[in-house]
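Have a look at the structure below, then the notes.
Numbers restart at 1 for each chain; the letters A, B, ... are given by sequence-line order, proteins then strands.
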There are 2 protein chains.
Amino acid sequence: MNTDLTRQIRKLNQAHAYTTIHLHEAVGRKAGLPGTDHKYLGFLLQKGPMTAGELSALSGLTTGAVTGLIDRFEKKHLVKRQFDKTDRRKVIIAPNTQKIMALLEPLYKEYRRQSEQLIASFSAQELHIIEMYLSKSIDIMNETMHTLNDK
Amino acid sequence: MNTDLTRQIRKLNQAHAYTTIHLHEAVGRKAGLPGTDHKYLGFLLQKGPMTAGELSALSGLTTGAVTGLIDRFEKKHLVKRQFDKTDRRKVIIAPNTQKIMALLEPLYKEYRRQSEQLIASFSAQELHIIEMYLSKSIDIMNETMHTLNDK
DNA sequence: TAATTTTATCTTAGCAACTAAGACATTTAG
DNA sequence: CTAAATGTCTTAGTTGCTAAGATAAAATTA
């Protein structure tokens, strides 16, 4: 095992996280989404429809803040409030994926093109290694979050 | 080239970004940092000391918002305002790395341990592939940001 | 079943952080 | 030396947040 290489990867991973957040921030701003709305829109895109309460738990926002958040999204037709047939207290927030994509895709278009090019530059065998790294990284991050939320 | 694998990596990369942002959010909340302060603290950690104006440009916040941001950080001794000797209008924001680490490290400790374990599970050759992927991804994200800020 | 408790979202009041505009001090340019 | 430009801060007004409680529906209990 190469310790220098290990450290370097750790640093790179940190820089990667930082840059991811920075880009996400910049795109949100460019899309005219106030504050951190891009972040929560991402939650909805990633997880799909969920109730207001689930979004509250997921985002860490109070239910009151989530009400306002949905109002802002709904005004822009980015999500729709739907009512649960079996439990009429619940409000299901359904992302309007098309509308959201129409907003964000132009901003990510060039990024996506270059990402695909990068991916294409690796062999299938290499991609499997990258796949392993990414998926296990995700697992670790998710586990960290669970631990954080527990204590 | 395997198209399915390409798509899968793209999806994984997206999920990785989402999870990164989500974890970052959760840590900030746990650390008692209001709103998006963790994000901008990360900018300072990553880039090192910078002027208030530079942070404003980097973060996209107005100079007024940055003044408030620095005030909050300074009150917690996470950064220090220093005055540029050659240009006394400038305010250099120096992150107190020790203090910031003391705040964040306990929250990241377990994550870091597991990350190192994950890295150690790869061979040097495999790590070079991962290194290549991460560093090129960073380059692409940075380029995307430049393009976004230009138009 | 009716009354009670719990659950899910929304509303309200007050607060914190943001923007836009301009003030102030300093530096640079003419 | 004066005028313009630059870098940060201040102020007023707006927006989004939290905390607490209101409202409505569902689940529980007697």
Checklist entry - Are any non-hydrogen side-chain atoms of A:T19 and B:M145 less than 4.5 angstrom apart? => result yes
Item to check | Proximity to the side chain of A:R72 - top-ranked nucleotide from D:dC17, C:dC18, C:dC10 | outcome: D:dC17
Checklist entry - What does B:A65 touch in the nucleic acid at a heavy-atom separation under 4.0 angstrom: a base, only the sugar-phosphate, or nothing? => result base
Item to check | Length of the CG-P vector between A:L61 and C:dA8, whole Å | outcome: 17 Å
Item to check | Residue-phosphate contact under 4.0 Å: A:R29 side-chain N/O, C:dC18 OP1/OP2 | outcome: no
Next on the checklist: Without decimals, in angstroms, what is the distance between A:I92 CD1 and C:dA8 C1'?
Outcome noted: 12 Å
Checklist entry - Between D:dT8 atom P and B:M50 atom CE, what is the distance in whole Å? => result 12 Å
Item to check | OP1 or OP2 of C:dT9 under 4.0 Å from side-chain N/O of A:T51 | outcome: yes
Item to check | Comparing A:R81 and B:P34 on DNA chain C - which has the more 5′ nearest nucleotide | outcome: A:R81
Item to check | Check ion pair B:R7-B:D4 (N to O, under 4.0 angstrom) | outcome: yes
Checklist entry - Taking CD1 from A:I70 and P from D:dG16, how many angstroms apart are they, rounded to a whole number? => result 14 Å
Next on the checklist: Let me spell it out: for each of B:V66 and A:V66, pick the nucleotide of DNA chain D with the closest heavy atom. Which residue's pick is nearer the 5' end?
Outcome noted: B:V66
Next on the checklist: Please determine whether side chain to side chain donor-acceptor pair (under 3.5 Å) holds for the pair B:Y133 and B:N13, giving the CA-CA distance in whole Å, both sets of side-chain angles, and the decisive distance to 0.1 Å.
Outcome noted: CA-CA 11 Å; B:Y133 178 77; B:N13 190 57; 3.1 Å; yes
Next on the checklist: Starting the side chain at C-beta, find the nucleotide from D:dT8, D:dC17, C:dT26 nearest to B:K90.
Outcome noted: D:dT8
Item to check | Nearest-neighbour nucleotide for the B:R88 side chain, D:dA19, C:dT27, D:dT8 considered | outcome: C:dT27
Next on the checklist: Can a side-chain donor-acceptor contact be found between A:E25 and B:Y40 if the only test is distance below 3.5 angstrom?
Outcome noted: yes
Item to check | hbond_proxy A:T63 side chain to C:dC10 base (donor-acceptor, 3.5 Å cutoff) | outcome: yes
Checklist entry - Rounded to whole angstroms, how far apart are CG on B:L33 and C1' on D:dC17? => result 16 Å
Item to check | Test side-chain contact (heavy atoms from CB on, under 4.5 Å) applied to B:R72 and B:K75, step by step | outcome: CA-CA 5 Å; B:R72 290 195 298 279; B:K75 205 170 285 178; 5.8 Å; no
Next on the checklist: Can you measure B:D37 atom CG to D:dC17 atom P for me and round it to whole angstrom units?
Outcome noted: 14 Å
Next on the checklist: Considering every strand and a 4.0 Å limit on heavy-atom distances, what is the contact class for B:G64: base, sugar-phosphate, or nothing?
Outcome noted: base
Item to check | B:D84 CG - C:dT28 P separation (whole Å) | outcome: 10 Å
Checklist entry - Could you state the NZ-C1' distance from A:K76 to D:dG16, rounded to the nearest angstrom? => result 13 Å
Checklist entry - Hey, is B:E74 close enough to B:R81 for a salt bridge, meaning N to O under 4.0 Å? => result yes
Checklist entry - Quick one: on DNA chain D, does A:G68 or A:D87 contact a more 5' nucleotide (nearest heavy atom)? => result A:G68
Checklist entry - Is there a donor on the side chain of B:R89 or the base of D:dT6 sitting less than 3.5 Å from an acceptor on the other? => result yes
Checklist outcome for this item: Testing D:dT18, D:dC17, C:dT11 for proximity to the side chain of A:T62, the answer is D:dT18
